[in-house]
Amino acid sequence: MVHWSDVIGARLVEQRPDHLVNTGITPSGEFHIGHLREMLTGEMIARGVRKAGGTAELCFIIDSADPLRKVYSFLDEAYAEYIGVQLFRIPPPDADGKPDLAAFESGTTYADHFLAPFLEALDMLGVRPRLVYNHQAYAEGRYVEHVRTALQQRDRVRQIIEEISGRELTADWWPYSPVDERGCMDGLKVTGFDDTHVHWQAEDGRTGSCDYTVGEGKLPWRLDWPAKWVWLDVTCEAFGKDHGTTGGSYDTGAELCRLFGAEPPEGLTYEWISLRGQGAMSSSAGTTVGPIEALRLVPPEILRYLIASTKPAKAIEFDTGMGLVNLADAYERLLRHDLEAKLEDEELSRRKRVAIEDDISATRLSSVEERNDRPGAVGVTFRHLAMLAQIRSSDEQVWDMIPNEGVDRREFDARLNRMRHWISSHHFPDEMRVGIRDKPNAERLADLTPEEEALRMALIRNFEASLETGWNEANLSANVPDAAREVELPLREAYRLTYELLLGVDVAPKLAPLLAAMEPERVLHLMRGE
RNA sequence: GGGCCUGUAGCUUAGUCAGGUAGAGCGACGGACUCUUAAUCCGUCGGUCGCGGGUUCGAACCCCGUCAGGCCCGCCA
C-alpha cells in the first residue's frame with residue numbers, strides 16, 4: 001500500500017465511502033500530454049478509492065465559460081475581435097487558424113474544436129469521465145447561490161483572497177465577471193447587483209445587466225473553482241502545481257469553499273510534463289506533442305504506465321526518442337515477471353516488498369480496463385520490435401519472428417503499426433536505425449588479428465557456399481557459428497566482427513534475417529573489402 | 001520581495017511523512033545458453049544521497065543556511 005494512488009485512495013475512504021474525483025481544463029488551445037496527467041492522475045485516484053473499498057466517480061469539467069485571453073500564435077489575427085469572449089461563444093479555427101464560421105453555424109464552438117480529439121484520446125486511454133460543460137452549469141443556474149453569497153459578502157471574499165494570496169485587489173473589484181451583449185468580459189465594471197442581476201458599465205459608457213441565474217457571465221476563477229466543488233460535492237481533485245502553491249488558488253478556494261458552507265476536497269498537486277529538450281508544454285507555443293500524436297507512437301498502456309509509475313510531485317520529461325524505448329522496454333520486462341509470486345518470498349526485506357507492490361500497482365493502473373490482474377506481455381520489447389519492423393515489411397513475417405505463444409494478435413498488430421509509424425517519424429532515434437554499410441570497413445579490415453583474418457576467410461567461404469545452396473535465413477544462420485568453430489574463436493567475437501564489417505557497429509539485431517534481406521553481392525563486397 | 005516543488009550511481013529513479021548499516025532497473029563489464037548478439041538467465045563494477053552547518057548514540061530523511069533547475073503570488077494542467 002505505498003503506491004500514491006493507494007495511499008490517497010485509502011485516505012479518502014477513511015473519510016467517507018463515496019467520492020467524486022474532479023478534473024478541469026480550459027479548452028483554450030490544442031490539448032497536449034500535459035493535460036493527460038490531469039486526467040490520468042484523477043482517474044488513478046478514482047481507481048485507488050475503489051481498490052480501498054469505496055465508490056468513486058470521475059468528473060471532467062470543461063471550462064468552456066472562460067474567455068479567450070489573447071490571440072494565440074496558432075490563431076489568425078481575426079481572433080482579435082473575440083478576445084474576452086467566452087470560449088463556447090466563438091467559432092473554431094480552421095486549418096489556417098482563421099475563424100471557421102461555417103463550422104460554427106453548424107454547432108461546433110471553439111471549445112468543442114479542441115476538445116473533440118482530446119476526448120478521443122481519453123477514450124483510448126480508458127479515461128471515461130462524466131463531462132460537465134461549465135457554461136451549461138452556469139446556464140442551468142448551478143452556481144446561483146454561490147454567486148449570491150459572493151456578491152453579498154463581497155468584502156469577506158476580498159479579505160480572504162487578499163489575506164491568503166497576499167495579493168491586493170483593486171477598489172472596484174467584484175466577485176463576478178459579467179458579459180456584454182457580445183459575450184465579452186473585458187473592460188466591464190460592476191456597478192451593483194440585485195437578487196438576479198449584476199449591473200455593469202463598459203469603458204465606452206454602455207451599461208447593462210447580466211442575469212446570473214441563467215449564466216450570463218461567470219465567477220472569477222478563484223471563486224469559480226470552489227463553487228464547482230460545492231455544487232458537485234467534489235471530494236478530491238488533483239491540480240497542477242500552479243494552483244497548489246501556498247496562497248495559490250487551492251488555498252483561497254479552500255477558504256471560499258467554507259464560506260459557501262462546505263469542506264474543501266482533498267487536494268493533490270502534480271508537476272508539469274515537459275518535452276525533452278524543449279520547455280514546458282504550452283498550447284500557445286506550438287511545440288507540443290498532442291495526445292493523439294503520442295498515442296500514434298506509444299501504446300496507451302505505456303502512456304498510462306508513465307503517469308502511474310511517476311509520483312505526482314515529480315516532473316516528467318516526455319522523451320519521444322530513446323527515453324521512450326527505455327520506458328517501453330522497462331514496462332515490457334516488468335510484465336514478464338511474476339511479481340505476485342515474488343511477493344510470496346518470506347525473506348523479502350520490507351523495502352523490496354514495498355517496491356514490488358508498487359510495481360504491481362503501477363502495472364495494474366497501466367491497463368486501459370480497470371481490473372485486478374495485470375496486462376500480459378506482448379512478447380517483444382520495443383527495442384526488438386523496432387529492429388524487426390525495420391528489416392521486415394510484412395507484418396506476418398514479424399509475427400512469426402517473435403515468441404508469439406499466448407500473445408493477442410490484434411494487440412500485437414496494433415503495436416507493430418504504431419512502431420512503423422514511429423520509425424517513419426522524426427521522433428525515431430538515429431541510434432535505433434539499422435544501417436548497413438555502403439563501403440567496406442577499411443579501418444577494421446586493416447586491423448585484423450590473424451584469428452580474425454582466418455574467421456573472415458572462413459565466413460567468405462561460407463557465404464559463397466550459401467550462394468549455391470540458397471541465400472535464405474535457414475542456410476545463412478549457420479554460417480557464423482560454423483566459421484567460429486572452424487577457427488576456434490568465441491562465437492561472441494565472431495558476431496562482433498561480422499557486425500563491425502557489415503554494419504560498423506558491434507552490437508546489432510539477429511544477423512540471419514538481416515543477411516537474408518541483403519543482396520549477396522553486397523555482403524561479400526563488404527566482407528572482402530573490395 | 002514572499003512562497004512551493006525538485007536535486008540520490010553514466011541514465012531513470014526507490015527510500016524523506018513515522019531518523020537506525022544507501023535499494024532497484026537500464027547502460028557498462030564478465031559469464032552462461034555449443035544455429036546467435038538490441039532475446040533470456042547469472043554475476044561484477046559503479047553513490048562525498050547538490051553543498052555547508054546544527055540536533056542526535058546514529059541523518060538521504062529532522063532544523064538552519066546555501067547553490068542549481070522549475071513554478072506560483074493576473075490567466076495557465
Side-chain angles (χ1 to χ4, degrees), chain A residues 2 7 23-26 28-29 31-42 63 66-70 161 164-170 220-222 238-252 269-274 279-284 309-317 319 322-323 325-327 329-331 333-334 336 349-352 354-356 358-359 379-388 401-403 431-432 434 473-482 484-485 490-496 498-499 505-513:
Chain A
V2 284
V7 171
T23 62
I25 300 171
T26 305
S28 57
F31 285 72
H32 48 68
I33 50 169
H35 293 114
L36 246 25
R37 192 171 203 177
E38 164 97 10
M39 303 307 299
L40 286 169
T41 304
D63 285 318
D66 290 3
L68 184 72
R69 298 278 168 203
K70 59 176 185 180
I161 293 178
I164 297 178
S165 75
R167 151 193 167 206
E168 212 169 305
L169 298 172
T170 56
W221 164 245
R222 285 190 185 249
F239 38 83
K241 59 174 173 175
D242 47 339
H243 296 313
T245 190
T246 312
S249 50
Y250 177 76
D251 277 2
T252 53
T269 307
Y270 61 84
E271 254 281 1
W272 309 82
I273 296 183
S274 59
M281 283 285 162
S282 166
S283 306
S284 49
S309 62
T310 312
K311 287 184 297 183
K314 207 93 182 169
I316 293 178
E317 259 194 68
D319 180 355
M322 283 312 290
V325 181
N326 294 334
L327 174 74
D329 284 358
Y331 177 70
R333 245 179 253 117
L334 209 50
R336 285 182 196 177
S349 69
R350 187 179 152 274
R351 265 188 193 166
K352 284 200 169 162
V354 157
I356 293 170
D358 227 27
D359 283 341
V380 259
T381 58
F382 237 54
R383 193 177 287 274
H384 195 53
L385 187 62
M387 185 277 295
L388 295 178
M401 290 166 86
I402 65 158
E431 60 184 285
M432 292 286 291
V434 175
E473 210 174 307
N475 285 337
L476 289 165
S477 65
N479 285 350
V480 177
D482 286 350
R485 248 193 308 278
L491 200 51
R492 190 185 188 80
E493 298 300 318
Y495 275 105
R496 190 166 281 175
T498 313
Y499 281 118
V505 295
D506 59 6
V507 183
K510 292 202 178 200
L511 192 57

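Both backbone and side-chain heavy atoms feed into the values below; hydrogens, waters and symmetry mates do not. By convention in this document, chain letters (A, B, ...) are assigned in the order of the sequence lines, proteins followed by strands, and residues within each chain are numbered from 1. Computed from a predicted structure; not experimentally measured.
Rounded to a whole angstrom, the distance from the P atom of B/C5 to that of B/A18 is 15 Å. Separation of the P atoms belonging to B/A14 and B/A9 is 12 Å when rounded to the nearest angstrom. Annotation: B/U56 and B/G23 have their C1' atoms spaced 25 Å apart (nearest Å). Atom name C1', nucleotides B/G52 and B/A24: the rounded distance is 30 Å, in whole Å. To the nearest whole angstrom, the two C1' atoms, one in B/G47 and one in B/C42, are 24 Å apart. Taking the C1' atoms as reference points, B/U13 lies 13 Å from B/A22, given to the whole Å. For B/C72 and B/G53, the P atoms lie 35 Å apart once the distance is rounded to whole Å. With both ends at atom P, the span from B/G58 to B/G20 equals 15 Å, rounded to whole Å.
Taking 4.0 angstrom as the limit, A/Trp272 places none of its side-chain polar atoms (N or O) nearer than this to OP1 or OP2 of B/G70. Between B/G15 and A/Lys311, a contact under 4.0 Å exists linking OP1 or OP2 to a side-chain N or O. OP1 or OP2 of B/G7 sits under 4.0 Å from a side-chain N or O of A/Lys314.
Across the protein-nucleic acid pair, A/Asp329 atom CG and B/C11 atom C1' stand 14 Å apart, rounded to whole Å. Atom CD1 in A/Ile316 sits about 18 Å away from atom P in B/G70, given to the nearest Å. A/Asp63 has its CG atom 13 Å from the P atom of B/C75, to the nearest Å. Taking atom CG of A/Asp319 as the reference point, atom C1' of B/G27 lies 15 Å away to the nearest angstrom. Atom CD of A/Glu317 and atom P of B/U12 are 8 Å apart (whole Å). If you take CD of A/Glu168 and P of B/G2, they are 18 Å apart, rounded to a whole angstrom. Rounded to a whole Å, the CZ atom of A/Arg333 is 12 Å from the C1' atom of B/U12. In this structure, NE2 of A/His32 is placed 7 Å from P of B/A77, rounded to the nearest angstrom.
Set against B/C5, B/C76, B/C26, the side chain of A/Glu271 has B/C5 as its closest nucleotide. Out of B/A77, B/C26, B/C72, the shortest distance to the side chain of A/Thr245 is found at B/C72. Nearest nucleotide to the A/Arg383 side chain, out of B/C76, B/C75, B/A38: B/A38.
Across all strands shown, B/A18 has no partner, as no Watson-Crick or G-U wobble contact with both distances under 3.5 Å is found. Both distances falling under 3.5 Å, in either a Watson-Crick or a G-U wobble arrangement, occur for no nucleotide opposite B/U48. With a cut-off of 3.5 Å on both pairing distances, the Watson-Crick or G-U wobble partner of B/U40 is B/A32. B/G27 makes up no base pair with any nucleotide shown, lacking Watson-Crick or G-U wobble contacts both under 3.5 Å.
A/Ala313 comes within 4.0 angstrom of sugar-phosphate atoms only, judged by non-hydrogen atoms across all strands, and of no base. Using a 4.0 Å heavy-atom distance criterion, A/Arg69 is classed as a sugar-phosphate-only contact. Residue contacts for A/Thr26: at a heavy-atom cut-off of 4.0 Å it reaches the sugar-phosphate backbone alone, with no base atom in range.
With hydrogens and angles disregarded, no donor-acceptor distance shorter than 3.5 Å links the side chain of A/His243 to the backbone of A/Gly240. Using a distance-only test at 3.5 Å, with no hydrogens or angles considered, a donor-acceptor pair links the side chain of A/Asp329 to the main chain of A/Arg383. Side chain of A/Arg222 to backbone of A/Gly248: a donor-acceptor contact under 3.5 angstrom is found.
The residue among A/Ser309 and A/Asn326 whose nearest nucleotide of RNA chain B is located toward the 5' end is A/Ser309. Across the interface with RNA chain B, nearest-nucleotide mapping of A/Ala330 and A/Ser249 shows A/Ala330 to be the residue nearer the 5′ end.
For the pair A/Ile161 and A/Ser165, the tightest heavy-atom approach, listed with the atom from each and the gap, is O-OG, 2.6 Å.
Between the OG atom of A/Ser28 and the NZ atom of A/Lys70 there is a distance of 10.0 Å, given to the nearest 0.5 Å. Rounded to the nearest 0.5 Å, atoms CG (A/Leu40) and OG1 (A/Thr310) are 11.5 Å apart.
A/Lys311 has its side chain out of reach of A/Glu271: every pair of non-hydrogen atoms, C-beta onward, lies at least 4.5 Å apart.
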